[in-house]
Amino acid sequence: TYAYNLLITACSKNGKYDDATLLFQEMQEEGLEPDRVTYNLMLSVYGVMGPWHRVTGLFDEMENRGIRPDEYTYDTLISACRRDSLCGEAIHIFNEMKAVGCKPDRVTDNSLLDLYGKSGHGDEALNTLQEMEKNGYLPNTVSYNTLISAYGRAGLYCEAIALKDTMLEKGIRPDVFTYSSLLSGCEKAGRPGKAMEIFKEMKDAGCTPNLCTYNSLIVMYGKKGEFEEMMKVFDEFRSNGYTPDIVTWNAMLSVFGQNGMHVELSQVFKEMKAAGFVPNRETFTTLICAYSRCGSVEQAMEIYSAMLKSGLCPDLSTYNAVLTALSREGLWRQAEKVLIEMRGGCCKPN
RNA sequence: UUUCCUAUCGCUGG
């Protein structure tokens, strides 16, 4: 069991969730009993894979086997609520946690903080922060970064920067998460100049940029239409020993789509595949939208077919991208068919 | 420290 737990941990850390699930089955076929750690691991895996009922199903199974949940279990469950913004569920779990004698700690609070931030409940997030201070759990780097991310998402980049300054005042060192989050926040708010200031501050503070940081910069330059600068970033991080990841590729596809650069778009997609990357759901959605913006519904729909053939399930964004692509060309009848398809699937049109 | 929390990519208007 210990060995399997190690293997499942490795798969989970590398995003190989299907492999983790297979290992979980395999160990039981071999007659090994999953323990609390195994269940905690798998709850986390199901949490990112969804759907939610799979998570609760596993939790029930765990209790039926007489394995008592611990703090890790509850923290994992609360964290899993983020996927579908299940704030009510999270509160419920939080209460159960206390009722069975597990003590919520700073990780629990940070998980709640993130859930509220990501689901647009800024007021609740601030309440949680105050609760933390009242309960003697001082906010740490993760707490601040979580809030900075929430502000950035809400377009409140000034507040985000102010919070970073608060960190400095309190002697909490901003890290690469802090700066990357701020970069993206400024970019989303349409303040690339501010973003560059942050990037400079980051380097002056001796904080080393990583792939996430570079990906943010690529998006920023791409949206500004500064492709030479964008490619410079691309080359720079490669020479620093980083390899583009799927986010980098998706970002470049998105940028060329937004600028209607059909040739470059196809070229980058080719390079991405040549580099051995398998398109994920976001890649497909990006491509559908990108080809449509380049004026090629045909290619957009080919991509959609390829996605279905690959076994990936379209989500709301995918369907909306397809609907947009068809509508741009006035293909109403096809669009209506997709809308029906959507209702038949797991997606409610918004 | 075999398990929990934070950053980077996708859909809509003009």
Side-chain angles (χ1 to χ4, degrees), chain A residues 1-10 12-13 34-45 47 69-80 82 102 104-115 117-118 139-150 152-153 160 174-185 187-188 209-220 222 244-255 257-258 279-290 292-293 314-325 327-328 347 349-350:
Chain A
T1 300
Y2 188 97
Y4 270 100
N5 287 345
L6 273 173
L7 288 171
I8 293 173
T9 305
S12 161
K13 286 211 193 311
D35 62 8
R36 178 154 53 202
V37 171
T38 320
Y39 276 106
N40 288 345
L41 276 166
M42 291 312 299
L43 285 171
S44 163
V45 167
D70 63 1
E71 282 81 0
Y72 281 98
T73 316
Y74 287 110
D75 287 344
T76 304
L77 285 173
I78 290 173
S79 165
R82 258 179 324 179
C102 285
D105 62 5
R106 191 157 57 188
V107 172
T108 318
D109 287 328
N110 284 343
S111 303
L112 282 170
L113 213 56
D114 190 42
L115 172 68
K118 291 217 163 52
N140 62 5
T141 314
V142 173
S143 320
Y144 278 104
N145 288 347
T146 304
L147 280 173
I148 287 173
S149 158
R153 190 165 288 106
D175 62 7
V176 66
F177 280 68
T178 319
Y179 288 115
S180 301
S181 190
L182 285 172
L183 276 181
S184 167
E187 182 275 310
K188 283 199 171 63
N210 66 10
L211 195 49
C212 287
T213 321
Y214 287 119
N215 286 340
S216 301
L217 289 175
I218 286 178
V219 170
M220 189 184 78
D245 66 359
I246 189 139
V247 172
T248 317
W249 291 108
N250 288 348
M252 305 246 286
L253 293 173
S254 171
V255 161
Q258 280 171 36
N280 61 14
R281 194 186 353 236
E282 293 189 352
T283 313
F284 282 117
T285 306
T286 303
L287 283 170
I288 291 167
C289 180
S292 157
R293 283 179 168 143
D315 68 2
L316 184 59
S317 294
T318 317
Y319 281 121
N320 284 340
V322 172
L323 289 174
T324 305
S327 307
R328 279 199 181 111
C347 279
N350 65 0

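In what follows, chains carry the letters A, B, and so on, assigned in the order in which the sequence lines appear, proteins first and then strands, with residues in each chain numbered from 1. As a basis for the values below, the full set of heavy atoms in this structure was taken, side chains included, without hydrogen atoms, waters or symmetry mates.
Of the candidates U2(B), C11(B), U8(B), C11(B) carries the atom nearest the Thr324(A) side chain, counting heavy atoms from C-beta on. Distances from the side chain of Thr318(A) to the nucleotides C5(B), G10(B), U2(B) place G10(B) closest. Closest to the side chain of Phe177(A), from the set G10(B), A7(B), C9(B), is A7(B). Taking every side-chain heavy atom of Val37(A) into account, U3(B) is the closest of U3(B), C5(B), C9(B). The side chain of Arg153(A) has A7(B) as its nearest neighbour among C9(B), A7(B), U2(B). For Cys289(A), the listed nucleotide lying nearest its side chain is U12(B); candidates were U8(B), A7(B), U12(B). Nearest to the side-chain atoms of Ser79(A) among the listed nucleotides G10(B), C4(B), U2(B) stands C4(B). Listed nucleotides: C4(B), A7(B), C11(B). Nearest to the side chain of Ser149(A): A7(B). Nearest nucleotide to the side chain of Ser317(A), out of G10(B), C5(B), U2(B): G10(B). Across U8(B), U2(B), C4(B), the shortest atom-to-atom separation from the side chain of Tyr72(A) is found for C4(B).
Residue Thr9(A) is in sugar-phosphate contact alone, with no base atom involved, counting any heavy-atom pair closer than 4.0 Å across all strands shown. Using a 4.0 Å heavy-atom criterion, one finds that Thr285(A) contacts the bases of the nucleic acid, with or without backbone contacts as well. Among the protein residues, Asn280(A) comes within range of no part of the nucleic acid, since none of its heavy atoms lies under 4.0 Å from any strand. When heavy atoms are screened at a 4.0 angstrom cut-off, Asp245(A) is found touching no nucleic acid atom at all.
For C11(B), one of the phosphate oxygens OP1 or OP2 lies less than 4.0 angstrom from a side-chain nitrogen or oxygen of Arg293(A). Remark: Arg328(A) is in phosphate contact with U12(B), judged by side-chain N or O atoms under 4.0 Å from OP1 or OP2. Distances shown here put every side-chain N or O of Lys13(A) at or beyond 4.0 Å from the OP1 or OP2 atom of U1(B). At C5(B), none of the side-chain N or O atoms of Lys118(A) fall inside 4.0 Å of OP1 or OP2 (strictly under the cut-off).
Look at the C1' atom in both U1(B) and C5(B): the space between them is 16 Å, to the nearest Å. When the C1' atom is used for both C9(B) and G13(B), the distance is 22 Å, rounded to whole Å.
Residues Thr146(A) and Val142(A) meet the side-chain proximity criterion, which asks for heavy atoms closer than 4.5 Å. For the pair Pro349(A)/Tyr319(A), no side-chain contact is recorded, criterion being any heavy-atom separation below 4.5 Å from C-beta on. Using a 4.5 Å heavy-atom cutoff, the side chains of Asp70(A) and Asn40(A) are in contact.
Between the side chains of Asp105(A) and Thr108(A), a donor-acceptor pair is found at a separation under 3.5 Å.
For Glu282(A) against C9(B), a side-chain N or O and a base N or O form a donor-acceptor pair under 3.5 Å.
In this structure, Asp70(A) places its CG atom 9 Å from C1' of C4(B), rounding to the nearest Å.
In this structure, Ser149(A) contributes its side chain and Asn145(A) its backbone to no donor-acceptor pair below 3.5 Å.
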